[in-house]
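Below, chains carry the letters A, B, ... as their sequence lines are ordered, and counting in each starts from 1. Model, not experiment: these values are computed from the prediction.
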2 protein chains.
Amino acid sequence: MSTVSPNPPPEPATASAGTDLALAADLRVTLSRATRRLKAERGEAGLSDPQFNVLAILLREGPTSPGRLAEHERIAAPAMTRTVGCLADRGLVRKDEHPTDGRQVVVSLTAEGEAEVAETRRRRDAWLSARLAGLDTEDRAVLTQAAEILRRITAS
Amino acid sequence: MSTVSPNPPPEPATASAGTDLALAADLRVTLSRATRRLKAERGEAGLSDPQFNVLAILLREGPTSPGRLAEHERIAAPAMTRTVGCLADRGLVRKDEHPTDGRQVVVSLTAEGEAEVAETRRRRDAWLSARLAGLDTEDRAVLTQAAEILRRITAS
DNA sequence: TATTGTTATACTCTATAACTATA
DNA sequence: TATAGTTATAGAGTATAACAATA
């Protein structure tokens, strides 16, 4: 086990304040850099982040309306109208009438769209797992735990 | 609505072969989500990511040319011209003549620009450290090590 | 009247190509 | 000729406001 770098002696109760802030700054920079590098790995279509995100939502949650997509991404409806239009033009999504509500539009993934998501994820996972393969068991265990912790605090 | 078979959620990594790929997928999603949440915390000026990044580079590396900034951010020079122009209009950076090379422009942070970076970082660190404060010592140690590991593999 | 989606308009960020000024 | 920066033009993404169609 790599050493858990025992906390320096001082400051019993209030130590966490300064420590948290230093770790926060360190984590902030590191997470940002890692994410940026990861997103540089893209699929064939070379989709933008917003475009890819829409495909990913559709794959995860199934067909839905532009309004729901906009809400999910916390952007205004007209922006999603354009993004969905772009994806439809490229054949990555399909727009159909809602069966019962004439106002709504149902956006769904095409086979091409699904393949694009899979390809992009495959590349990103490949890049990351190639680097994880260079780590020892201990380090991988740390990252596994870290992912769980980050998931927890990000959910709040 | 008959959904298009949404993907099952990523399985938590277990200790066996093929773990790298599972951990990679898990980390990828987690890092992305954490970073997105962090960047939602912004300073007074409400700068965009590219704008803020320029200020951060200038603070870290000192005055430099638009060309260097563009290279650093891996964007084309004209895009940086506009971003720097925007920041100059808002008084966050200053553009001066290069002392010896008449072609070059020297971009540097103003006091306002420096304050904006500090304010944004303060908010992001505050958000993150507030969540770190809710963790036990062991979890914080894990994140400390994880930051070091991520920094190492991202540098490659 | 409320909801859903679109169109109209404007601003930012990005790119490539062409141009100016300097080295 | 090469380099640094800008301007011109175009496409994507974002926003707000106004509109059309439907519930």
Side-chain angles (χ1 to χ4, degrees), chain A residues 32 36 39-40 42-58 63-108 113 116 120, chain B residues 1 36 39-40 42-43 45-58 61 63-108 113 116 120:
Chain A
S32 176
R36 200 179 334 131
K39 295 208 166 168
R42 304 194 174 189
E44 283 296 331
L47 298 179
S48 67
D49 274 3
Q51 288 173 340
F52 178 78
N53 286 341
V54 166
L55 297 189
I57 295 169
L58 291 174
T64 187
S65 70
R68 289 297 186 105
L69 291 171
E71 189 181 352
H72 196 292
E73 292 300 275
R74 296 166 191 265
I75 65 174
M80 188 53 75
T81 292
R82 291 197 66 173
T83 296
V84 167
C86 254
L87 292 171
D89 288 344
R90 306 181 64 162
L92 299 170
V93 305
R94 196 176 52 242
K95 295 169 69 176
D96 299 303
E97 294 178 358
H98 191 282
T100 65
D101 189 337
R103 299 170 302 181
Q104 289 194 44
V105 171
V106 177
V107 184
S108 41
E116 176 63 24
T120 299
Chain B
M1 103 183 24
R36 201 179 331 133
K39 295 206 166 168
R42 305 195 172 187
L47 298 180
S48 67
D49 274 2
Q51 288 172 339
F52 177 78
N53 286 341
V54 167
L55 298 189
I57 295 168
L58 291 174
E61 307 189 359
T64 187
S65 69
R68 290 299 187 105
L69 290 170
E71 190 181 352
H72 196 291
E73 292 299 275
R74 296 166 191 263
I75 64 175
M80 189 54 75
T81 293
R82 293 200 67 173
T83 297
V84 167
C86 252
L87 292 171
D89 289 344
R90 306 181 64 162
L92 299 170
V93 304
R94 197 176 51 244
K95 294 169 68 175
D96 299 304
E97 293 177 1
H98 191 282
T100 66
D101 188 336
R103 299 170 303 181
Q104 289 193 44
V105 171
V106 177
V107 184
S108 42
E116 176 63 22
T120 299

Nearest to the side chain of B/C86, heavy atoms from C-beta on, is which of D/dT14, C/dC13, D/dA4?
C/dC13
Below 4.0 angstrom from OP1 or OP2 of C/dT6, is there any side-chain N or O of A/K95?
yes
Strictly below 4.0 Å: does B/T81 bring a side-chain N or O up to OP1 or OP2 of D/dT7?
no
List for me each residue that meets side-chain contact (heavy atoms from CB on, under 4.5 Å) alongside A/E73, sequence neighbours excluded, and say none if there are none.
A/N53, A/I57, A/I75, A/M80
Nearest to the side chain of A/A77, heavy atoms from C-beta on, is which of C/dT6, D/dG5, C/dC13?
C/dT6
Five pairs at each end of the helix from C/dT1-D/dA23 to C/dA23-D/dT1: take the axis at both ends and give me the angle between them to 10°.
20°
Can you check whether A/Q51 has a side-chain N or O nearer than 4.0 Å to OP1 or OP2 of D/dA12?
no
Under 4.0 Å between a side-chain N/O of A/S48 and OP1 or OP2 of D/dG13, yes or no?
yes
Could you please name the option among C/dA23, C/dG5, D/dA21 that lies closest to any side-chain atom of B/R103?
C/dA23
Does C/dT22 have its OP1 or OP2 closer than 4.0 Å to a side-chain nitrogen or oxygen of B/T100?
no
Quick note, A/A79 side chain, CB onward, closest among C/dT6, D/dA23, D/dT14 is D/dT14
Of the candidates C/dA10, D/dA10, D/dG5, the side chain of A/R82 sits closest to C/dA10
Closest-nucleotide ordering on DNA chain D, the 5'-leading residue of B/Q104 and A/I75
B/Q104
Base, sugar-phosphate or nothing for A/P78? Non-hydrogen atoms, less than 4.0 Å.
base
